[in-house]
Student: 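Would you mind keeping the following structure in view while I ask a few things?
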Protein chains: 2
Amino acid sequence: MRKKTIEEYVEVIFAIQKIKKIAHTNDVALSLEVNPASVTEMFGKLTDEGYTYYEKYNGVTLTDKGRGMAIILKKRHETLKHFFEIIGIDEKIADDDACKIEHNVHPETVDKLRKFVEYAKKENSCNRWLDHFKYFDKTGEFIICTPDEDLDCPIHKK
Amino acid sequence: MRKKTIEEYVEVIFAIQKIKKIAHTNDVALSLEVNPASVTEMFGKLTDEGYTYYEKYNGVTLTDKGRGMAIILKKRHETLKHFFEIIGIDEKIADDDACKIEHNVHPETVDKLRKFVEYAKKENSCNRWLDHFKYFDKTGEFIICTPDEDLDCPIHKK
DNA sequence: TATATAACTTAGGTAAACCTAAAAATAATT
DNA sequence: AATTATTTTTAGGTTTACCTAAGTTATATA
């Protein structure tokens, strides 16, 4: 499997700490599907770079720096996942893709997608467009629907 | 800089071949910002795995397999870039992000985004939603615009 | 055509994250 | 408390894409 970045270690440590206070070597190894020996090694690196405190034989906890990074990553992940779900991607795949790209995409892009999600979820925005997109996605057919011809719209006519 | 995948090598070879018939070591080295010696090494791997023909001291050309991959990657890249541009990301960043995530994202996701782009570009689809999103993105303000109240819409009223 | 220059390859090494196997520390059980 | 079981670490290797430096081949110029 692919090599894990510092960000991925920080993420799983954060997740583990939600349940356990301290993230132990084995917890992280299981989460990342990596050998415990590799985790020990990474704990060293993580601590050198200021993301964790490491107490030998007793796992790590995130520093403020580490926690800060984790929170940003988590938000980023949720934004991306949410976005994918809005356009109709299955939850599992949405989550998976969010995982993979959250480490690569520019902040500007995430910001824009965050706004997109925010907007799409707003009840009183004109959501016909999204509905029509989903209809197109499912049927392959375009709904002819211009502002002046609302009556012809098969989804929104009442 | 980050390690290059086979896919990235295939992409730049494809791009070079559009101009030159044969992609030489140096061309690829310059494109990927990598040492020529590394490229020679990769040419070996690429050829072992059936993506290129390699003639010593005279560069590589893509096989059908390699070209097939390149074409898929190119389409994927364009879809992603296009999508980013539609939601308002600058061309440069859109291109950059497309580059980075085109290797990671599920095919289902790319398909969905392709449809999204296709739909958004269709003239006779109801594009108010996208317009309203952009307005929101710019101003932070929601446009109250329901199907029954078109007259209140500051963008679409005539 | 000889020679200088440029391009490419080979040989040998590095770094980073991974691994296995064995040793050490900690925790659990009798 | 002693022994067994589990967890963690250490030591030493592997892999992969990268590098530098030196040697080789191809190309361009005198």
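The figures here come from the full heavy-atom set of this structure, side chains too, leaving out hydrogens, waters and symmetry mates. Reminder, nothing fancy here: chain letters follow the sequence lines and each chain counts from 1.
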Student: Is there a side-chain contact between B:K56 and the phosphate of C:dT10, meaning an N or O under 4.0 Å from OP1 or OP2?
Tutor: yes
Student: Select base, sugar-phosphate, or nothing to describe what A:V39 touches, counting heavy atoms under 4.0 Å on all strands.
Tutor: nothing
Student: Assess whether salt bridge (charged side-chain N to carboxylate O under 4.0 Å, His left out) is satisfied between B:D96 and B:K92, documenting all intermediate values.
Tutor: CA-CA 6 Å; B:D96 222 55; B:K92 184 78 200 67; 3.6 Å; yes
Student: When the nearest nucleotide of DNA chain D is assigned to A:F43 and to B:A37 on a heavy-atom basis, which residue is associated with the more 5' position?
Tutor: A:F43
Student: Would you mind reading off the distance between A:M42 atom CE and C:dC19 atom C1', rounded to a whole angstrom?
Tutor: 13 Å
Student: Looking only at the side chains, is there a donor atom on one of A:D95 and A:H77 sitting less than 3.5 Å from an acceptor on the other?
Tutor: yes
Student: Does B:S38 make a side-chain N or O approach to OP1 or OP2 of D:dC18 shorter than 4.0 Å?
Tutor: no
Student: Identify the residue among B:Y51, B:Y57, B:Y53, B:Y54 that makes a ring pair (Phe, Tyr, Trp, His ring centres under 6.0 Å) with B:F43.
Tutor: B:Y54
Student: D:dT7, OP1 or OP2 - any side-chain N/O from A:H24 closer than 4.0 Å?
Tutor: no
Student: How long is the line joining NZ of A:K4 and C1' of C:dC19, in whole Å?
Tutor: 12 Å
Student: Ignoring backbone atoms, establish whether A:N35 has a side-chain N or O less than 4.0 Å from OP1 or OP2 of C:dT20.
Tutor: yes
Student: Among D:dC18, D:dT25, D:dT15, which nucleotide sits nearest the side chain of A:K3?
Tutor: D:dT15
Student: For the pair made of NZ in A:K20 and P in D:dT7, what is the distance, rounded to whole Å?
Tutor: 10 Å
Student: Which nucleotide, D:dT25, D:dT8, D:dC18, lies nearest any side-chain atom of B:Y57?
Tutor: D:dT25
Student: Any side-chain N or O of A:K45 under 4.0 Å from OP1/OP2 of C:dA17?
Tutor: yes
Student: Within a strict 4.5 Å, meaning less than it, do heavy atoms of the B:F14 and B:L73 side chains meet?
Tutor: no
Student: Please state how far atom CZ in A:R2 lies from atom P in D:dA17, giving the value in whole angstrom units.
Tutor: 15 Å
Student: Give a yes/no answer on whether the side chain of A:Y54 brings an N or O atom under 4.0 Å of OP1 or OP2 in D:dT9.
Tutor: yes
Student: Can you tell me which nucleotide in C:dC8, C:dA16, D:dT8 comes closest to the side chain of A:T25?
Tutor: D:dT8
Student: If you measure from CD on A:E118 to NE2 on A:H82, what distance do you get to the nearest 0.5 Å?
Tutor: 11.5 Å
Student: Does any part of the side chain of A:V105, heavy atoms only, come nearer than 4.5 Å to the side chain of A:L113, both counted from C-beta?
Tutor: no
Student: So, is B:N26 near the phosphate of C:dA6, with a side-chain N or O under 4.0 Å from OP1 or OP2?
Tutor: no
Student: D:dT16 C1' sits how many Å from B:E41 CD, rounded?
Tutor: 8 Å
Student: How long is the line joining CD of A:E7 and C1' of C:dA17, in whole Å?
Tutor: 16 Å
Student: Find the distance A:I6:CD1 to C:dC18:C1' and express it as a whole number of Å.
Tutor: 15 Å
Student: A:Y9 side chain N/O closer than 4.0 Å to the phosphate oxygens (OP1, OP2) of C:dC18?
Tutor: yes
Student: Measure CG/A:D48 against P/C:dA15 and give the value in whole Å, please.
Tutor: 16 Å
